[in-house]
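Each remark here refers to the structure printed beneath this line.
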Amino acid sequence: MIRQTLTEALRAAFSALEGVSCPEAIDLGRPANPSHGDWSSNAALVAAAATGRNARALGGELAKALSKNPPRHVRKVEVAGPGFLNFFLHDAWLHEVLKQVVTEGVDGYARWDFGASRIVNLEFVSANPTGPVHVGGGRWAAYGDALANILARCGYSVHKEYYLNDLGRQMEAFAASLAARRRGEEPPEDGYLGEYVREWADEMPDEVAAANDAGAVGEWGYLRARRDIEASMERLGVRFDTWFSERSLLATGDIAGVLSELRAAGVLYEQDGAVWLRSTEYGDDKDRVLVRSDGESTYLLGDLAYHQNKFGRGFDLLIDVWGADHHGYVERLAAGVCALGHRREQLEIVLGQLVKVVRGGKEAKISKRAGNLVLLDDLVSLVGADAARMTFLAQSLDRRQVIDVELLAAQSMENPVFYVQYAHARICSLLREAATRGAERPPMGAAALETLTEARELTMLRTLHGLGEVVATAALERAPHKLTAWVRQLAGDFHGFYHDCPVLRSDVPPDVRGARLWLAEAARIGLVTALSLLGVSAPDAM
RNA sequence: GCCCUCGUAGCUCAGGGGACAGAGCAGGGGACUUCUAAUCCCAAGGUCGCAGGUUCGAAUCCUGCCGAGGGCGCCA
């Protein structure tokens, strides 16, 4: 709102000048240094560079024009440094922010509709159904779920999906390992050595084991693993709309279908008895095999059929969240999707650096096949779903995350999640206490918001003002961790306010009390909104 | 050899063209008869891996080097 006011005022100021035009996108920011005002723009610097004029002089002219006819809430406009335009505002702009937060509430504040036309399929985790989910999988789960929430808040229609690779060599190796363990033997080479295989083999009903049928054992094992994975996701609070089976693609003929579509498109050829996709024509660095010379289809063919199936279900944007170890696979899948007639932008692969799992300072393997698993369930039961999610969402996906389960458990009380949740509980307690004492909030229209002039109060309102932009950025950059940073900031602002600004104390004038109660309510709205987007609970009491 | 990501305070990380680089933890010093001290405040801590380049302006963009992790199958 204020941003728009200032932008328009800047445009108007430019239009009054000769020989200079306003930069396309006006960069308007909130300077870190308070002496640089409440808002600041580099428009003069950019425009000066484009026209060869002196930036400081141009800025001076703009500042003069803006000062003559100041936009709403603006107290003073200065040119500073090399040519920055600094806007100093009356506190009233923040009081309006407060009004807006409270009026729009948890459902409406910081909500956008720029994604309203997009129907998104967001696929994440998709760990093979050959064992429990390890700690590393939690990162994708927390990330994907939070991203889905954030996209939805920006208007996107989001569908969360888990792809089950219930076909192929991994499943066969898993079945063989289960069967071997049941017989009391070691798993075959390339088999699964994890301890859970032993446990599950013991669980297997006699009739399944006795049938001595690889298919039956595999099917039992698949369902066992799938149940386990679903339960782990549930414990972390992550629910998928669809659990999509790779096998179903065979049954529906999608795999054969995509092959004939590609053939019809003329992008296939045969060589050495195999069927190849001419993926180099779509940016891949070499062509890829879709059907091996032994007649088996490759993983890529299945994946193409799967992605084509997603498009067939009406999604116009597919977002896949993958571990960075699959980075080399991105271009070939994208090539295939383009060969099927889709635009490259319709497939977006988010790559996240892998989690390094450490136990008491020593690295733990996180491969199901090598054994020695550290399970997501273990982490969740040690620190709880909220702390686990907050930990996963505390940093950028671009950065490798080191999770030391023991250290996390030992320091769980220091987890930032409690700092934020405590702020929320304090607000709830404050509002409860206010009700008990009969200190009701006045109607918003009658609240003396102009009494909010303390630095603590204004700082918190500045932060609250930023939520909308943070949500939009988190959505567009697929970066939920920005919201984590924001909510910690808001919690810190509130704790500071709470410490310095009494609300219910008897020496607080009633109009100030009323305004502060509304401010607390606004903070509560901000905390609840951000936490719910992150998938973290906001307890009323701690 | 080629490709991707990262290198910021003792540790874990934000910031990713803008004006003096921020937070948490650890360590030092303070603040509870008051609305929840799971809190707050103060001090201390940095050649933003190194070297060039682009720019009015670089932690941020480009190139090279160094270091860390991951990937380069008719595996999945």
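Please read these numbers as outputs of a predicted model, since none were measured by experiment.
- Separating the P atom of rG46(B) from that of rG10(B) is a span of 6 Å, rounded to the nearest Å.
- Using a 4.0 Å cut-off between charged nitrogen and carboxylate oxygen, Asp166(A) and Arg247(A) count as a salt-bridge pair.
- A straight line from CG of Leu407(A) to C1' of rG24(B) spans 14 Å, rounded to a whole angstrom.
- Looking at the side chain of Glu414(A), the nearest of the listed nucleotides rA38(B), rC25(B), rC40(B) is rC25(B).
- A salt bridge does not link Glu161(A) with Lys310(A): every distance from a Lys NZ or Arg NE/NH1/NH2 to an Asp or Glu carboxylate oxygen is 4.0 Å or more.
- Distance from the side chain of Tyr422(A) is smallest to rU36(B) among rU36(B), rA19(B), rA76(B).
- Base engagement by Asp272(A) is indicated by at least one non-hydrogen atom pair under 4.0 Å involving a base atom.
- Asn42(A) comes within 4.0 angstrom of a nucleotide base, judged by non-hydrogen atoms across all strands.
- By the 5.5 angstrom centroid cut-off and the 30-degree plane limit, His36(A) is classified as stacked against the base of rA19(B).
- Here Arg456(A) lies in heavy-atom contact (under 4.0 Å) with sugar-phosphate atoms only.
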Note to self: side-chain hydrogen bond (donor to acceptor under 3.5 Å, both in side chains) for Asp287(A) and Tyr269(A)? Distances and angles first, verdict last.
What the structure shows: CA-CA 10 Å; Asp287(A) 290 344; Tyr269(A) 63 92; 2.7 Å; yes
Note to self: Run Glu331(A) and Tyr282(A) through side-chain hydrogen bond (donor to acceptor under 3.5 Å, both in side chains) and show every step you take.
What the structure shows: CA-CA 8 Å; Glu331(A) 280 315 307; Tyr282(A) 299 91; over 6 Å; no
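- Minimum heavy-atom separation, Ala324(A) to Gln353(A): CB-NE2, 3.5 Å.
- Residue-level contact check: Ser40(A) touches the bases, meaning some heavy atom is under 4.0 Å from a base atom.
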Margin query: Using ring pair (Phe, Tyr, Trp, His ring centres under 6.0 Å), reason through Tyr306(A) and Tyr163(A) one step at a time and then give a plain yes or no.
Written below: CA-CA 9 Å; Tyr306(A) 174 47; Tyr163(A) 185 49; 3.8 Å; yes
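- Side chain of Ser40(A) to main chain of Asn86(A): no donor-acceptor pair is present (N/O by atom type, distance under 3.5 Å, no hydrogens or angles).
- Among rC56(B), rU36(B), rC3(B), the nucleotide with an atom closest to any side-chain atom of Ala541(A) is rU36(B).
- Separating the C1' atom of rU8(B) from that of rC13(B) is a span of 9 Å, rounded to the nearest Å.
- At a threshold of 4.0 angstrom between heavy atoms, the contacts of His481(A) are confined to the sugar-phosphate backbone, with no base atom among them.
- Residues Arg524(A) and Glu521(A) are paired through a salt bridge, judged by an N-O separation under 4.0 Å between the basic side chain and the carboxylate.
- In this structure, Gln421(A) places its CD atom 15 Å from C1' of rU36(B), rounding to the nearest Å.
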Next item on the list: Could you go through the side-chain hydrogen bond (donor to acceptor under 3.5 Å, both in side chains) check for Asn165(A) and Ser126(A) one step at a time?
Entry: CA-CA 8 Å; Asn165(A) 295 116; Ser126(A) 298; over 6 Å; no
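- Using C1' as the reference atom, rC25(B) and rC62(B) are 36 Å apart when rounded to the nearest Å.
- Nucleotides rG16(B) and rC42(B) are separated by 31 Å at their C1' atoms, to the nearest Å.
- To the nearest whole angstrom, the two P atoms, one in rA9(B) and one in rA14(B), are 12 Å apart.
- When the nucleotides rC35(B), rG16(B), rC74(B) are ranked by their closest atom to the side chain of Arg437(A), rC35(B) comes out on top.
- Residue contacts for Leu167(A): at a heavy-atom cut-off of 4.0 Å it reaches the sugar-phosphate backbone alone, with no base atom in range.
- With a glycosidic angle further than 90° from 0, rC56(B) counts as anti.
- Residue-level contact check: His327(A) touches the bases, meaning some heavy atom is under 4.0 Å from a base atom.
- Looking at the side chain of Leu45(A), the nearest of the listed nucleotides rC56(B), rA14(B), rA76(B) is rC56(B).
- Across rG30(B) and rA43(B), the matching C1' atoms stand 10 Å from one another, rounded to whole Å.
- Considering only side-chain N and O atoms, Tyr498(A) lies under 4.0 angstrom from the phosphate OP1 or OP2 of rU36(B).
- If you check every strand for non-hydrogen atoms under 4.0 Å, Ala55(A) touches nothing.
- Nucleic acid contact class of Gln353(A) (heavy atoms, under 4.0 Å, all strands): base.
- Taking a pair as Watson-Crick or G-U wobble with both distances under 3.5 Å, the runs of three or more consecutive pairs in RNA chain B are B:1-7 with B:66-72, B:10-13 with B:22-25, B:28-31 with B:39-42, B:49-53 with B:61-65.
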